[in-house]
Amino acid sequence: MNHTILLLIEHEENRNLLSQWLAGQYRVLLPEAKCDFANRGEQLLTQPFDLCFVDFSSIQQLRQQILARRKKAVPVFLPFVFLTNLQNIGISTDHLESVIDDVIHIPVAKIELQTKLRVLMRSRSDSLQLQQAKEEVDRALSQEKELNRLKSHFVSVVSHEFRNPLNSISGMAQILKTYGDKLTPEKKVEVFEQLQRNVTKMTDLLEDVLVVSRKDLDKFEFKTAPLELPAFCQSLIREIQTVFDREIQINFVYRAERRQFDLDRHLIERILSNLLTNACKYSPPDSVVEFQVYCQASEVVFVIGDRGIGIPAEDLDNLFEPFYRASNSHQVRGTGLGLSIVKQCVDLHQGKINVESKLGEGTTFTISFPC
Ligand code: ADP
């Protein structure tokens, strides 16, 4: 009984008889006895139904509302059936054609009524299915459009971000080629370090691109193994410090009693290195980044706090969307990919991530994993 029939029949006897006939097979909506028919009819027309019976009286009183309801249903077929005892009335009368789809003359044999209803309901179901299929195609199309938009955005952001370290590498190579013999040993070390930093930047960016596309391909893996956390964090800090061409102070505090945890080394590395790099990137040159690790209940918790530019409150909700950058971050280079990767990795590791930030004062990311 998944179809609903509305009986906008003012003649009470006809209405009750029809309701009894239909009740076994359909859900029936009808105005209660002795109600204000026009008012109640108008309300009932706003409810969901699959077919509606009307008579002369309801067409007279509710013509505009019926027309509006029919218009609203388009392009889905919502049949309105005219019930009449006048044998010479057909659908082709001017004022009827726009309001109804079929006529049933009473008295009518029950079997004939049922067959007619089945036919009309079949057309209704077909048109509903078509509409659903159309909606699915529309949805797929808009997803496809969004994907294409993201892809072109992705290509433009990534190629833009590659250009800078590449230019720098090319400049350094030129210096070595032209002045290689005349450079002091200290200057040579400086040039090589800068080369190394730019290569690391490009490798990191490539890694981000790979992570994002691997996710697209559903090939992201989660494999835990014992990880010696203090040594792992310290080596990560050293690596991050080499990427920046200025002194970076990261204050590392390890407060957990255990030193070894079952974690996915690759995922944790991506998470922490993105968060630590951001903390340094979005802070003034002389400021200190706090990095703490502790255990709480059955969780290992990482806290990374900075006293940098902070994040505007209105940007916090979208921070983990790919390519999203907060409105105050435009002086700092970036792709907006890091935090979306962080979120994917945290989810995959069944962890939680939380961000607290005050504009102009600083940002703290807290991540926890079951252990
Ligand atoms: P990006 O490459 O732009 O740094 P992320 O995905 O890592 O991309 O970060 C998204 C945005 O979140 C950044 O553009 C920045 O606006 C904001 N953000 C992230 N971390 C911080 C932070 N520690 N301090 C201030 N803003 C931050």
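The residues of the chain are indexed from 1 along the displayed sequence.
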Return yes if some donor-acceptor pair links the side-chain N/O of Asp101 with the main-chain N/O of Phe80 below 3.5 Å, else return no. yes

Examine distances only and state if a side-chain atom of Ser57 and a backbone atom of Glu10 form a donor-acceptor pair shorter than 3.5 Å. no

Would you check if there is a donor-acceptor pair between the side chains of Asp306 and Ser287 at a distance under 3.5 Å? no

By side-chain hydrogen bond (donor to acceptor under 3.5 Å, both in side chains) - contacts of Gln43 (at least two apart): Arg40

Give a yes or no on whether the backbone of Leu83 and the side-chain of His105 come within a donor-acceptor separation of less than 3.5 Å. no

Residues 345-369 vs salt bridge (charged side-chain N to carboxylate O under 4.0 Å, His left out), sequence neighbours excluded, gives Glu299-Lys352, Lys343-Asp347

Any salt bridge (charged side-chain N to carboxylate O under 4.0 Å, His left out) pairs touching residues 106-129, not counting sequence neighbours? Asp50-Arg124, Asp102-Lys116

Write out all pairs satisfying ring-ring contact (aromatic ring centres under 6.0 Å, His included) with one or both partners inside residues 268-294, taking only residues at least two apart or from two chains. Phe252-Phe291

His349 side chain vs Ile268 backbone, donor-acceptor pair below 3.5 Å: no

Going by heavy atoms in the side chains, are Leu113 and Leu18 under 4.5 Å from each other? yes

Going by atom type alone, with no hydrogens or angles, which donor-acceptor pairs under 3.5 Å involve a side-chain atom of residues 166-178 and a protein atom two or more places apart or on another chain?
residue: Ser168; atom: OG; partner: Asn198; partner atom: ND2; Å: 2.9
residue: Thr178; atom: OG1; partner: Gln174; partner atom: O; Å: 2.7

side-chain hydrogen bond (donor to acceptor under 3.5 Å, both in side chains) filter on Arg255, not counting sequence neighbours, yields Gln292

Arg63 side-chain N/O to His95 backbone N/O, donor-acceptor pair under 3.5 Å: yes

Donor-acceptor pair, side chain of Arg325 and main chain of His330, under 3.5 angstrom: no

Got a donor-acceptor contact below 3.5 angstrom from the Asn328 side chain to the Gly310 backbone? yes

